Protein chains: 4
Amino acid sequence: MSAGHNTASDGQLLSIVQRIERLHEERKALADDVRDVYGEAKGVGFDPKIIRKLIARRAKDAGALAEEDSILALYEDALSRAGTRGEGA
Amino acid sequence: MSAGHNTASDGQLLSIVQRIERLHEERKALADDVRDVYGEAKGVGFDPKIIRKLIARRAKDAGALAEEDSILALYEDALSRAGTRGEGA
Amino acid sequence: MSAGHNTASDGQLLSIVQRIERLHEERKALADDVRDVYGEAKGVGFDPKIIRKLIARRAKDAGALAEEDSILALYEDALSRAGTRGEGA
Amino acid sequence: MSAGHNTASDGQLLSIVQRIERLHEERKALADDVRDVYGEAKGVGFDPKIIRKLIARRAKDAGALAEEDSILALYEDALSRAGTRGEGA
DNA sequence: TCAGATAAAATCGCGC
DNA sequence: GCGCGATTTTATCTGA
């Protein structure tokens, strides 16, 4: 029956759940720190949005970055050939 | 113009992009309609914020059934894996 | 008491809620359509992620776009001066 | 190198970027820890998917109180605006 | 590799 | 007009 003893497995599960919840809390605290730093950045005149982009770009290795940029250029070129926006002018 | 021809692929991309942009516009128009209705609600004395909560809650209640079902399925699956019927020994 | 009559206001509220819910449904349907188009794009070999970027760029007016790009370049330059990654080279 | 000097602002930006990147790393390390715990859970026979649901539900239950409070506050606010004390009864 | 879930980021509406 | 909180959209991640 449900109530009554207290399996070893129960304790294990509780421990696991609590550890994960603890880690989530720590993660959240760090996320708040990040937010604070962005706030500070804005306070001294930097644009947080751009800083995000900058950091994202730094996180990718140079190869992947160039790859993405070049595909984007490729697509834009394809569109211009196919004739949107500005057709022949 | 960039190069000479006008690949089939170029046309495909253009079509895709335009269709998505069209859908975005329609979505935006609907969003505007929603805004209008909230404005009207406010005009006849309802609090838009509360209406938002109300709608959110109705959506959640609707979703709850599905959620319960999915959890149930999950548990059943776990049980079946844990040894189908009377411990598979 | 709660049960009993059926204020005009009640009917108004119901109508408002239902209209908003209807609009939400239509919006969702369009969102699904968008997803489908991205799926189709992927199916014929385009990278959906890049298409998203492309569409986002097209949505911004040219001025804002150039502005953002130039600030990004500015920041990258500042970092290189300040001396990360590539120090004095 | 791009220009000559090394503005104070450059240093500020560098500091900001590095702090954020550091926080990201710590966050990532914690995410890895979480993954490890799920792995361990699976190793001793728990279903990670169910544990996720469990944790999500605990978080939601915890959040529900706050939610109720916020709705209550909203309603009280609406009432107070609708004519403080008695009024339309 | 894919879809589905989770988390991060951007956007929008509100009040100050 | 600006920050704040809520919503929505995008990206990452996990499991099949």
Side-chain angles (χ1 to χ4, degrees), chain A residues 20 23-24 27-28 30-36 38-40 42-43 47-57 59-60 64 68, chain B residues 20 23-24 27-28 30-32 34-39 41-42 47-57 59-60 63 66-67 70-71 73-74 77-78 81, chain C residues 20 23-24 27-28 30-32 34-36 38-39 42-43 47-57 59-60 64 68, chain D residues 20 23-24 27-28 30-32 34-39 41-42 47-57 59-60 63 66-67 70-71 73-74 77-78 81:
Chain A
I20 292 172
L23 291 168
H24 281 172
R27 248 169 92 67
K28 188 180 178 315
L30 287 173
D32 290 345
D33 290 348
V34 170
R35 193 189 330 278
D36 289 347
Y38 277 112
E40 178 191 330
K42 179 181 222 168
D47 182 334
K49 184 120 152 264
I50 309 269
I51 295 187
R52 278 180 201 279
K53 276 195 185 175
L54 182 54
I55 288 178
R57 287 178 75 86
K60 294 180 192 171
E68 279 190 21
Chain B
I20 292 171
L23 290 168
H24 280 347
R27 262 171 78 65
K28 190 180 179 314
L30 286 174
D32 290 344
V34 170
R35 185 191 342 267
D36 289 346
V37 179
Y38 275 113
K42 184 179 210 167
D47 182 334
K49 194 176 274 186
I50 291 187
I51 295 187
R52 279 176 200 280
K53 287 275 184 194
L54 186 54
I55 289 178
R57 175 167 296 198
K60 201 166 60 170
E67 171 69 4
S70 96
I71 287 208
L74 209 53
D77 187 52
R81 260 178 297 113
Chain C
I20 292 172
L23 291 168
H24 280 173
R27 248 170 93 64
K28 189 182 177 314
L30 286 174
D32 289 345
V34 171
R35 192 194 325 281
D36 288 348
Y38 277 113
K42 178 182 221 168
D47 183 334
K49 182 121 151 263
I50 310 269
I51 295 186
R52 277 179 201 280
K53 278 195 184 175
L54 182 53
I55 289 178
R57 287 177 75 86
K60 296 180 192 170
E68 279 190 21
Chain D
I20 292 172
L23 291 168
H24 280 347
R27 261 170 80 65
K28 190 179 177 314
L30 287 173
D32 290 345
V34 171
R35 190 199 322 278
D36 289 348
V37 179
Y38 275 113
K42 184 179 211 168
D47 182 334
K49 194 175 272 185
I50 291 186
I51 295 186
R52 278 177 200 280
K53 287 275 184 196
L54 187 54
I55 288 178
R57 175 167 297 198
K60 201 165 59 171
E67 171 70 4
S70 97
I71 288 208
L74 209 53
D77 188 53
R81 260 177 299 112

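Convention: sequence-line order gives letters A, B, ...; per-chain numbering from 1. Fair warning: this is a prediction, and the values are worked out from it, not measured in the lab. Scope of the values below: all heavy atoms of this structure, side chains included, with no hydrogens, waters or symmetry mates.
To the nearest angstrom, C1' of E:dA7 lies 13 Å from OH of D:Tyr38. A straight line from CZ of D:Arg57 to C1' of E:dT6 spans 17 Å, rounded to a whole angstrom. Atom P of nucleotide E:dA9 and atom CG of A:Asp32 are separated by 13 Å, given to the nearest angstrom. The distance from atom CG of A:Leu30 to atom P of E:dA7 is 15 Å, rounded to the nearest whole Å. A:Lys42 has its NZ atom 12 Å from the C1' atom of E:dA10, to the nearest Å. If you take CD1 of A:Ile55 and C1' of E:dA9, they are 13 Å apart, rounded to a whole angstrom. Rounded to a whole Å, the NZ atom of D:Lys60 is 14 Å from the C1' atom of E:dT6. Remark: C1' of F:dT12 and CD of A:Glu68 are 13 Å apart, rounded to the nearest angstrom.
With sequence neighbours left out, the salt bridge (Lys or Arg N to Asp or Glu O under 4.0 Å) criterion links C:Lys28 to C:Asp32. Remark: B:Lys49 engages B:Asp47, D:Leu74 in a side-chain contact (heavy atoms from CB on, under 4.5 Å) (not counting sequence neighbours). Every residue two or more places apart in sequence or in another chain that forms a side-chain contact (heavy atoms from CB on, under 4.5 Å) with B:Ile55 is listed here: B:Tyr38, B:Ile51, C:Val17, C:Ile20, C:Glu21, C:His24. Considering only residues two or more places apart in sequence or on other chains, D:Asp77 meets the side chain to side chain donor-acceptor pair (under 3.5 Å) condition with D:Arg81. With sequence neighbours excluded, the residues forming a side chain to side chain donor-acceptor pair (under 3.5 Å) with A:Glu68 are A:Lys60, C:Lys53, listed by chain and number.
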Short heteroatom pairs, N/O only, protein and nucleotides 6-9 of chain F, under 3.5 Å:
residue, atom, partner, partner atom, Å
F:dT9, OP1, B:Arg27, NH2, 2.3
F:dT9, OP1, C:Arg27, NH2, 2.9
F:dT9, OP2, B:Arg27, NH2, 2.8

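Counting only heavy atoms from C-beta outward, the side chains of B:Ile71 and B:Glu67 approach each other to under 4.5 Å.
Regarding contacts with the backbone of E:dG15, every side-chain N or O of B:Lys49 stays at 4.0 angstrom or more from both OP1 and OP2.
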